[in-house]
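Residue numbers start at 1 and run along the sequence shown.
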Amino acid sequence: YSGHSYVCIDTHLKNSGIVSGYFDIEKKNKNPYNLKYYGKEQEVTSNDSLFISVGNNFLREEIYCKIEKKGNLITNILDPSSIISKSVELSHQIFIGPNAVINSNSKIEKGCIINTGSIIEHECEINSFSHISPGAVLCGNVMIGARTVIGANSVIKQGVKIGDDVIIGAGAVIITDIPNNVTVVGNPGRIINGKSW
């Protein structure tokens, strides 16, 4: 109940959704939505309708794996200002932010965040628990691996494949394929280390 969860709550409320409370590791002192604290995620029951609003890809996936069989996971939270082609294939537990655009025949797998003003062109594929940051642009036929972060205002050239567990730095321009488990920065993008987390 902080950071990314505030954006998810705002969007869910815009869609006339109801948010009654939150699960977290502890009760928060800052409670801008006056939500009830329901306890730690271990206390989730099958009566709870849930959306995992955690920005960290690895933590979001870990929580998902712990509670997917316990609670009723809400399908997706999509901002009403987002533009999503009817041919886009969406899995579940996906957040799509304000003014995001997802074009024809793209596929977004479970647990992804498609943030404010990002553009995903035709036939892109984004694997589970990845995060496309605000203003990022994925040109056509781009493939993003699992748990990967595409930094704010970065650009991925058409046809490029990005591996699993990668961090693409803010403003980077990626013109070649990127392997798993690296951090990439700059224009053109260059690998600066062999581990992303």
Side-chain angles (χ1 to χ4, degrees), residues 2-8 11 52-65 76-79 82-85 88-197:
S2 62
H4 180 63
S5 70
Y6 299 152
V7 180
C8 292
T11 301
I52 304 167
S53 54
V54 175
N56 180 291
N57 294 343
F58 289 92
L59 185 54
R60 192 167 62 256
E61 181 181 38
E62 180 183 320
I63 293 169
Y64 177 93
C65 291
N76 296 312
I77 295 179
L78 313 176
D79 192 277
S82 63
I83 300 170
I84 304 167
S85 169
V88 169
E89 184 180 331
L90 296 177
S91 185
H92 59 283
Q93 283 286 297
I94 295 168
F95 173 79
I96 299 178
N99 300 309
V101 176
I102 307 176
N103 279 324
S104 303
N105 298 310
S106 291
K107 179 180 179 183
I108 315 294
E109 292 190 359
K110 68 183 174 189
C112 288
I113 297 170
I114 311 301
N115 228 320
T116 306
S118 56
I119 298 172
I120 298 169
E121 277 298 342
H122 60 88
E123 302 168 289
C124 288
E125 183 176 330
I126 302 172
N127 283 288
S128 300
F129 302 101
S130 286
H131 184 158
I132 310 303
S133 298
V137 176
L138 279 60
C139 298
N141 291 301
V142 168
M143 189 185 137
I144 305 297
R147 296 168 305 279
T148 287
V149 175
I150 305 299
N153 297 313
S154 58
V155 176
I156 314 296
K157 180 180 169 274
Q158 184 165 342
V160 166
K161 292 177 176 47
I162 308 288
D164 297 337
D165 307 316
V166 170
I167 295 175
I168 302 296
V173 176
I174 307 303
I175 59 174
T176 60
D177 292 354
I178 303 297
N180 297 338
N181 299 302
V182 296
T183 297
V184 182
V185 298
N187 178 6
R190 67 189 185 286
I191 296 171
I192 60 170
N193 70 27
K195 291 190 177 185
S196 61
W197 300 94

Whether Asn187 side chain and Val173 backbone form a donor-acceptor pair below 3.5 Å: no
Nearest 0.5 angstrom please: Ile108 CD1 to Glu125 CD, how far? 9.0 Å
Validation row: Asn115, Ile132 side chains within 4.5 angstrom (heavy atoms): no
Between Ile162 and Met143, is there a side-chain heavy-atom distance shorter than 4.5 Å? no
Taken to the nearest 0.5 Å, the spacing of Ile126 CD1 from Ile102 CD1 works out to 6.5 Å
Please report the closest heavy-atom contact between Asn180 and Gly163, naming both atoms and the distance. OD1-CA, 3.2 Å
Kindly compute the distance separating CG (Asn57) from CG (Asp164), expressed to the nearest 0.5 Å. 11.5 Å
Show the nearest heavy-atom pair for residues Val155 and Cys139, with the distance to one decimal. CG1-SG, 4.5 Å
Would you check if the side chain of Asn127 reaches a backbone N or O of Ile144 as a donor-acceptor pair within less than 3.5 Å? yes
Contact summary for Ser118 and Ser133, nearest pair of heavy atoms: CB-O, 3.8 Å
Closest approach of Ala146 to Ser130 (non-hydrogen atoms, all atoms of both residues): C-OG, 3.6 Å
Atom of Val182, atom of Val184 and distance for their closest heavy-atom approach: CG2-CG2, 3.9 Å
Could you tell me whether Asp165 and Arg147 make a salt bridge, using a distance below 4.0 angstrom between a side-chain N and a carboxylate O? yes
Side chain to side chain contact (heavy atoms under 4.5 Å, CB included), that's the test. Do Ile120 and Val88 meet it? Break it down for me. CA-CA 10 Å; Ile120 298 169; Val88 169; over 6 Å; no
Say you draw a straight line from SG of Cys112 to CG of Asn76; how long is it, rounded to the nearest 0.5 Å? 10.0 Å
Please step through side chain to side chain contact (heavy atoms under 4.5 Å, CB included) for the pair Ile178 and Thr148, ending with a clear verdict. CA-CA 11 Å; Ile178 303 297; Thr148 287; over 6 Å; no
Show which side-chain atoms of residues 90-98 pair as donor or acceptor with protein atoms under 3.5 Å away, not counting sequence neighbours.
{"from": "His92", "atom 1": "NE2", "to": "Tyr64", "atom 2": "OH", "distance (Å)": "2.6"}
{"from": "Gln93", "atom 1": "OE1", "to": "Ile52", "atom 2": "N", "distance (Å)": "2.9"}
{"from": "Gln93", "atom 1": "NE2", "to": "Leu50", "atom 2": "O", "distance (Å)": "3.2"}
{"from": "Gln93", "atom 1": "NE2", "to": "Ile74", "atom 2": "O", "distance (Å)": "2.7"}

Rounded distance (nearest 0.5 Å) linking atom OG1 of Thr176 with atom CD1 of Ile156: 10.0 Å
Any donor-acceptor N/O pair, Thr183 side chain to Ile192 backbone, under 3.5 Å: no
Let me see the working for Glu121 and Val142 under side chain to side chain contact (heavy atoms under 4.5 Å, CB included), right down to the final yes or no. CA-CA 8 Å; Glu121 277 298 342; Val142 168; over 6 Å; no
Which heavy atom of Ile150 sits nearest a heavy atom of Ala136, and at what distance? CG2-CB, 3.9 Å
Tell me if a side-chain donor or acceptor on Ser5 pairs with a main-chain N or O of Ser2 at a distance below 3.5 Å. yes
Enter the distance from Asn141:CG to Lys157:NZ here, rounded to the nearest 0.5 Å. 11.0 Å
Could you note down all residue pairs passing side chain to side chain donor-acceptor pair (under 3.5 Å) where residues 104-113 supplies at least one of them, sequence neighbours left out? Glu109-Ser128
